[in-house]
Structures are given as C-alpha cells and as structure tokens.
Amino acid sequence: MIIYQVYPRSFQDSNNDGIGDLAGIEQKLDYIKSLDVDAIWISPFFKSPMVDFGYDVSDYRDVDPIFGNMDDFKSLLAAAKKRDIGIIVDMVISHTSDEHPWFKDSRLGKNGKSNWYLWVSPQPDGSPPNNWVSVFGGPAWRWDAERRQYYFHSFFASQPDLNMHNPEVQEQVLSDMRYWLDLGVSGFRFDACNHVFQDLQLRNNPPREDVSAALHPYGFQVHVYDQAQPEMLPFLEKIRVLLDEYDAFSLAEVGGHDAIKLMGQYTEPGRLHSAYSFSLMQPDSSAQRVRDVITELETNIPYPGAPCYALSNHDKPRVATRWQNGRDRAETAKEMLALLFSMRGDICMYQGEELGLPQADVPFERIQDPFGKSFWPKFKGRDGCRTPMPWTGGSHGGFSVAEPWLPVTDEHRAINVSVQEADPHSVLNFYRKMIAVRRANPALHKTAKIELIDAPHAVLAFCRTTDGQKLYCLFNMDVIQHVVQCNYNGLVFGQHVTLNDGSITLGVSGFCLLAV
C-alpha cells in the first residue's frame with residue numbers, strides 16, 4: 001500500500017477563505033492520481049473547535065464547516081473511487097474535544113456517560129493523583145470544579161482522554177468507525193495508538209536517566225503507565241473484526257519509548273494491517289541509525305508481516321531539511337525518496353514530499369500551533385511542515401486567492417508543482433520515475449524480503465529479494481563520496497553513481513539499485 005497523506009487545511013482552498021477544504025482535495029485528484037498512489041490518508045476533517053487543528057474532535061460523524069460538509073466528503077469519495085484511489089480516514093480514538101457532547105455529559109454525570117472519561121478524585125491534599133504529565137507540557141490532570149475531580153489529558157487540557165476501559169466507550173468508537181465504513185471509506189489511520197489506554201492503578205511513571213534532550217517535563221519520564229497498556233491488544237482485535245467485514249485497511253501511528261516493539265504487537269495476525277513510528281523522523285540521518293531501525297523492525301515485524309515506512313508527516317520537520325546536512329536540497333530529497341520506496345512494507349508519503357519541499361521558516365507572528373507558541377524559540381512548533389502546497393509561482397502559490405492560514409514562502413513558490421511538472425530533472429518527476437521502478441521490480445514490493453549487507457560505515461546497504469529477482473540497494477548517507485566493493489549485473493536505477501569493475505563509487509547524495 002502506498003499512501004499519500006493530505007493535510008486538508010493546507011492542500012487546496014476551493015472557496016478562498018485561506019483554509020484548504022475537501023472540495024479543494026477533489027479539485028486536485030488528477031494530480032494525486034498522477035503520483036500513482038493507492039490511497040489518500042486525510043488528516044482529521046471532523047467537526048472540531050480546532051485547538052489542535054482537528055485532532056480535538058467534537059463530532060465523529062460530521063464535517064467541520066471550514067472543510068465543507070458531508071456532501072463534499074461524499075463527492076470526494078466518489079471522485080476518488082472513479083480514479084481507483086482509496087480514502088483513509090484519520091480516527092482519533094484516544095481523546096475527544098472538551099466540547100464533545102460526551103464530555104459535557106460526563107462532567108455532569110448525565111446520560112450514563114459519567115465513566116466515559118478518566119476521572120479521578122484528588123489526593124487528600126488536593127493534588128493530582130500521580131506524576132503523569134502532558135505531551136504538550138504541564139500536568140496531565142485538569143481540575144474540574146463541576147465534578148470536583150481531575151480528568152486526564154495526554155495532550156492539551158481541551159483534549160480529555162476517553163476511558164477506553166469502559167466497554168460502552170469501545171462499542172461507541174466501533175460504531176463511529178462503522179459509520180464511515182458504510183459510506184465507503186477504504187480504512188483508517190489510527191492516531192496516537194499508544195495513548196488509548198492508561199494504567200487503572202494510576203502508578204507513577206519512573207524518571208528517565210538522561211533528560212538532556214527533554215524539551216519540557218514530559219521528557220523527564222519513562223512513560224510506562226500513562227500509555228502502551230496491554231488492554232489495547234484485545235481492542236485492536238475487535239477493530240480488525242469490524243474492518244474485515246468491509247475488507248478495509250488499517251494503519252497505526254505508534255509513538256512512545258518502545259514504539260517499534262509496540263508496532264510489532266499491534267500488527268500481529270488478527271490485529272491491524274500496518275503501523276509506523278517516528279523512528280526515521282528524527283535528526284539522525286546516519287546509515288547506522290537507519291540500519292538499526294531496519295533491524296529492529298525486522299525483529300519485531302518479521303516476514304511476511306510488514307511495517308509502514310515514513311520519513312515525514314504533519315508533526316515533524318520535513319526530511320529534505322532534516323537530513324540535508326549541507327548537501328544539495330533537491331538531490332538529497334531525491335535520494336530520500338529512493339530510500340523510502342526501496343523499503344520493505346507499506347509506504348506513507350506526506351504532501352509536498354514529492355516536491356522535495358524544505359521545512360518552512362514561519363515567523364513567530366504567523367505561528368498558529370499552540371505547542372510552538374509555548375516553547376518558542378527552543379521549539380518552533382509544527383507549522384513549518386504544515387504550510388500550504390505551492391501549486392504555482394503566483395500569489396500564495398496558487399493555494400488560495402485569500403491570505404492563507406499559514407504563509408507560502410518564496411522558497412516553496414520557486415519549486416511549485418507547475419514548474420516541476422515542466423522540468424524533467426525535477427524532484428517531482430524523479431519521484432514518478434522512482435515509484436515506477438518500485439512498481440516494476442518485484443524485489444521492491446511489500447512482500448519481498450530485506451537483508452542488510454556489509455558496506456562502509458556511512459553507506460546504507462541492503463538486499464531485496466523475491467523469487468526471480470535480487471537487488472542491492474546502496475545509499476550514501478554521508479557528505480563525501482564512498483567506494484563500495486561489490487559484484488553486480490547492471491544498474492536498475494541511481495544517481496551520482498559510477499560503475500567500476502567489482503566496485504561502485506557513490507557521490508554525495510548518491511544511490512543505486514543494482515541487479516545481481
């Protein structure tokens with residue numbers, strides 16, 4: 001499965017209010033079709049107060065007016081199906097908005113929903129029940145004067161966590177999934193899967209030994225008890241039973257201190273189809289780092305199971321900047337696309353990654369992300385990867401006639417879709433060549449095996465094999481050229497590579513796929 005992530009606020013604005021919408025996605029479906037992807041994962045478009053830009057849901061069965069309405073979604077769904085493109089809905093099942101009717105009922109103890117969220121009485125001195133802290137900073141417990149209790153929130157205080165231990169809550173969540181499946185969606189991406197269950201004994205998290213990289217207190221703890229609980233596994237099996245009724249696909253986002261191990265557990269037979277983590281969305285772009293991730297994934301999700309690989313998304317700095325390391329941006333972006341499409345498993349592409357978009361530098365006065373406002377300038381938030389798609393070199397990059405919710409930088413407008421379509425050497429046209437290479441070579445398919453092979457320390461090297469084909473995949477992750485000793489039959493695809501007798505030379509941002 002090759003999945004293209006669309007962040008709807010920033011893809012295309014159809015009504016010129018400065019915010020992207022569902023009709024805008026439909027307008028660009030032919031472009032998405034030209035990328036030869038299997039499905040579109042659309043970040044949340046549910047009704048929401050937008051404190052966390054849609055990840056705070058107030059109605060799981062309605063479209064927020066800024067994105068359109070249900071008729072717009074049904075039109076998009078039908079238009080995508082005509083193009084043989086699936087639609088994957090982003091389900092946020094760990095928490096809701098505090099404006100959701102469920103939470104309003106829960107805080108008042110009405111309609112049988114008193115226990116639908118994680119409510120806890122204070123300690124005798126009035127303090128919270130334990131030391132849990134929020135991902136976005138500060139305590140994870142918010143006092144509610146109405147109930148005279150604390151409620152738990154993994155993220156913002158306006159995002160109370162559901163009590164998924166409650167069977168009624170589980171059944172309601174499954175019912176909301178069925179609603180979208182009945183409409184014809186192809187499946188779900190499940191947000192923050194490791195945050196769905198908490199320890200009901202409310203035990204304190206232990207301290208982390210090394211806190212030198214911690215942005216705020218969340219990084220001072222090992223999150224043993226406020227996430228990644230074993231109750232998640234039987235719930236995933238319930239989800240899978242529902243999905244199988246519709247032959248629908250599932251993708252988990254998995255974070256936490258032992259994310260790859262959780263990915264393995266969450267994708268065991270009878271659970272979810274695939275999962276990705278943030279393991280390759282970190283600053284470390286070394287060959288050794290990627291080797292380690294591949295090794296850990298192959299250990300925890302052994303063949304024929306398969307993980308999902310992603311290098312960018314709406315929460316992390318774009319890979320074209322993050323792993324550039326002083327090299328040419330476009331050439332580095334091409335190498336990273338080749339690496340992504342050479343991996344074993346499902347693939348997630350984030351909008352603009354096919355253009356080699358760098359991380360945008362959003363000035364403080366234009367920052368929208370509350371997370372960024374809280375920790376500026378040490379952390380500038382997530383807006384730099386969420387700026388609008390540049391379709392043309394014109395005003396606001398052709399995204400909107402109105403001033404966009406986030407600015408389109410001059411750097412992005414210069415490498416817009418239109419100019420890249422016309423350039424045979426662009427990152428966009430390289431992307432199309434690389435995805436065609438993956439489609440055409442069985443050894444690069446999801447089910448083909450992967451095995452790491454020896455190479456100089458700065459070169460990532462692995463072998464992809466299936467019946468009838470074997471490929472060596474070599475990537476220079478360094479800022480200088482390297483020579484690799486190997487025997488091969490011919491070059492399948494590559495850049496900045498020189499073929500020698502019994503060896504190859506990989507230049508800066510060089511890679512090659514070799515038939516052997």
Side-chain angles (χ1 to χ4, degrees), residues 1-3 5 37-39 41 86 88 91 93 186-194 196-197 227-281 289-311 313 339-349 438-439 441-453 460 462-471 473:
M1 178 79 76
I2 297 175
I3 302 164
Q5 182 194 354
V37 298
D38 299 305
W41 147 30
I88 293 174
M91 285 298 295
I93 61 175
S186 297
F188 300 103
R189 177 262 189 186
F190 292 104
D191 178 65
C193 271
N194 51 303
V196 174
F197 286 86
Q227 59 177 270
Q229 299 305 295
E231 291 90 341
M232 184 62 170
L233 302 180
F235 181 57
L236 292 178
E237 291 164 7
K238 291 182 180 181
I239 291 176
R240 182 58 181 267
V241 170
L242 172 63
L243 294 170
D244 285 349
E245 286 184 40
Y246 296 83
D247 193 25
F249 179 76
S250 52
L251 173 67
E253 176 197 56
V254 183
H257 70 282
D258 206 356
I260 293 180
K261 180 180 178 181
L262 282 180
M263 286 172 62
Q265 294 175 358
Y266 291 178
T267 58
E268 286 181 0
R271 296 172 186 161
L272 300 186
H273 297 86
S274 193
Y276 77 89
S277 73
F278 297 92
S279 300
L280 292 178
M281 297 187 204
R289 170 62 180 171
V290 183
R291 284 191 202 104
D292 290 345
V293 170
I294 293 172
T295 298
E296 195 173 357
L297 283 169
E298 290 299 306
T299 299
N300 285 278
I301 311 179
Y303 182 87
C308 179
Y309 279 90
L311 299 181
N313 71 5
L339 171 61
L340 182 62
F341 283 100
S342 296
M343 293 296 198
R344 186 184 80 82
D346 299 302
I347 302 297
C348 260
M349 280 277 302
R438 180 180 173 95
R439 299 283 195 194
N441 287 272
L444 296 179
H445 292 180
K446 173 180 177 177
T447 56
K449 295 181 180 179
I450 188 170
E451 181 181 359
L452 293 166
I453 55 179
L460 174 67
F462 53 83
C463 181
R464 298 295 312 275
T465 57
T466 191
D467 292 342
Q469 190 181 34
K470 182 175 184 180
L471 296 179
C473 305

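No hydrogens, no waters, no symmetry mates; every other heavy atom, side chains included, goes into these values.
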Exercise for the section: Determine yes or no for a side-chain-to-main-chain donor-acceptor pair under 3.5 angstrom, with Arg240 supplying the side chain and Pro269 the backbone. Expected result: no
Practice task
Specify the closest pair of heavy atoms between Leu340 and Cys348, including all atoms of both residues, with the distance to one decimal.
Solution key: CD2-O, 3.9 Å
Handout entry: Stepwise side-chain contact (heavy atoms from CB on, under 4.5 Å) test for Ile2 and Arg438
Key = CA-CA 11 Å; Ile2 297 175; Arg438 180 180 173 95; 4.1 Å; yes
Practice task
Indicate yes or no: at least one non-hydrogen side-chain atom of Lys446 is less than 4.5 angstrom from one of Ile347.
Solution key: no
Exercise for the section: Please work out which of the three classes, parallel, tilted or perpendicular, describes the rings of Tyr276 and Trp41, given edges at 30° and 60°. Expected result: tilted
Exercise for the section: Output the distance between atom OH (Tyr303) and atom CD (Glu451), rounded to the nearest 0.5 Å. Expected result: 13.5 Å
Practice task
List the atom of Ser274, the atom of Ala306, and the distance in Å for their closest heavy-atom pair.
Solution key: OG-O, 3.8 Å
Practice task
Would you check if the side chain of Arg291 reaches a backbone N or O of Phe462 as a donor-acceptor pair within less than 3.5 Å?
Solution key: no
Handout entry: Worked check of side chain to side chain donor-acceptor pair (under 3.5 Å) between Asn313 and Gln5
Key = CA-CA 8 Å; Asn313 71 5; Gln5 182 194 354; 5.3 Å; no
Fill in the blank from the handout: Rounded to the nearest 0.5 Å, the CZ atom of Phe278 sits from the CD atom of Glu253 at a distance of 3.5 Å
Practice task
Look up atom CG in Leu236 and atom CD in Glu268, then write down how far apart they are to the nearest 0.5 Å.
Solution key: 10.5 Å
Exercise for the section: Would you indicate whether Asp247, at its atom CG, is surrounded by more than 12 heavy atoms from other residues, nucleotides or ligands within a distance under 6.0 Å? Expected result: no
Problem - Reported CZ-to-CD1 distance for the pair Phe190 and Ile239, which is rounded to 0.5 angstrom - result: 4.5 Å
Handout entry: 4.5 Å side-chain heavy-atom contact, Leu251 and Asp346
Key = no
Practice task
For the residue pair Leu243 and Phe188, establish whether any side-chain heavy-atom pair is separated by less than 4.5 Å.
Solution key: yes
Handout entry: Closest approach of Ala248 to Gly187 (non-hydrogen atoms, all atoms of both residues)
Key = CB-CA, 4.0 Å
Practice task
Give a yes or no on whether the backbone of His273 and the side-chain of Ser250 come within a donor-acceptor separation of less than 3.5 Å.
Solution key: yes
Practice task
With sequence neighbours left out, write down each residue that passes side chain to side chain donor-acceptor pair (under 3.5 Å) with Asn194, or none if nothing qualifies.
Solution key: Gln227
Fill in the blank from the handout: Tightest non-hydrogen contact, residues Arg464 and Arg344, listed as NH1-N, 3.5 Å
Practice task
Please name the pair of heavy atoms, one in Thr267 and one in Met263, separated by the smallest distance, quoted to 0.1 Å.
Solution key: OG1-O, 2.7 Å
Problem - Asp38 with Arg439: basic N within carboxylate O range, under 4.0 Å - result: yes
Completion exercise
For Ser277 and Ser279, the nearest pair of non-hydrogen atoms, with its separation, is OG-OG, 2.7 Å
Exercise for the section: Please check if atom NZ in Lys261 has more than 12 non-hydrogen atoms from other residues, nucleotides or ligands closer than 6.0 Å. Expected result: no
Problem - With sequence neighbours excluded, residues passing side-chain contact (heavy atoms from CB on, under 4.5 Å) with Leu233 - result: Gln265, Tyr266, Arg271
Handout entry: Minimum side-chain heavy-atom gap Val196-Ile93 below 4.5 Å
Key = yes
Practice task
Any chance you could measure Cys193, atom SG, to Leu262, atom CG, to the nearest 0.5 Å?
Solution key: 9.5 Å
Handout entry: From CA spacing to verdict: side-chain contact (heavy atoms from CB on, under 4.5 Å), Leu471, Leu444
Key = CA-CA 8 Å; Leu471 296 179; Leu444 296 179; 3.8 Å; yes
Handout entry: Student check: side-chain heavy atoms of Leu452 and Glu298 closer than 4.5 Å
Key = no
Handout entry: Euclidean distance, Met1 CE relative to Ser186 OG, rounded to 0.5 Å
Key = 7.0 Å
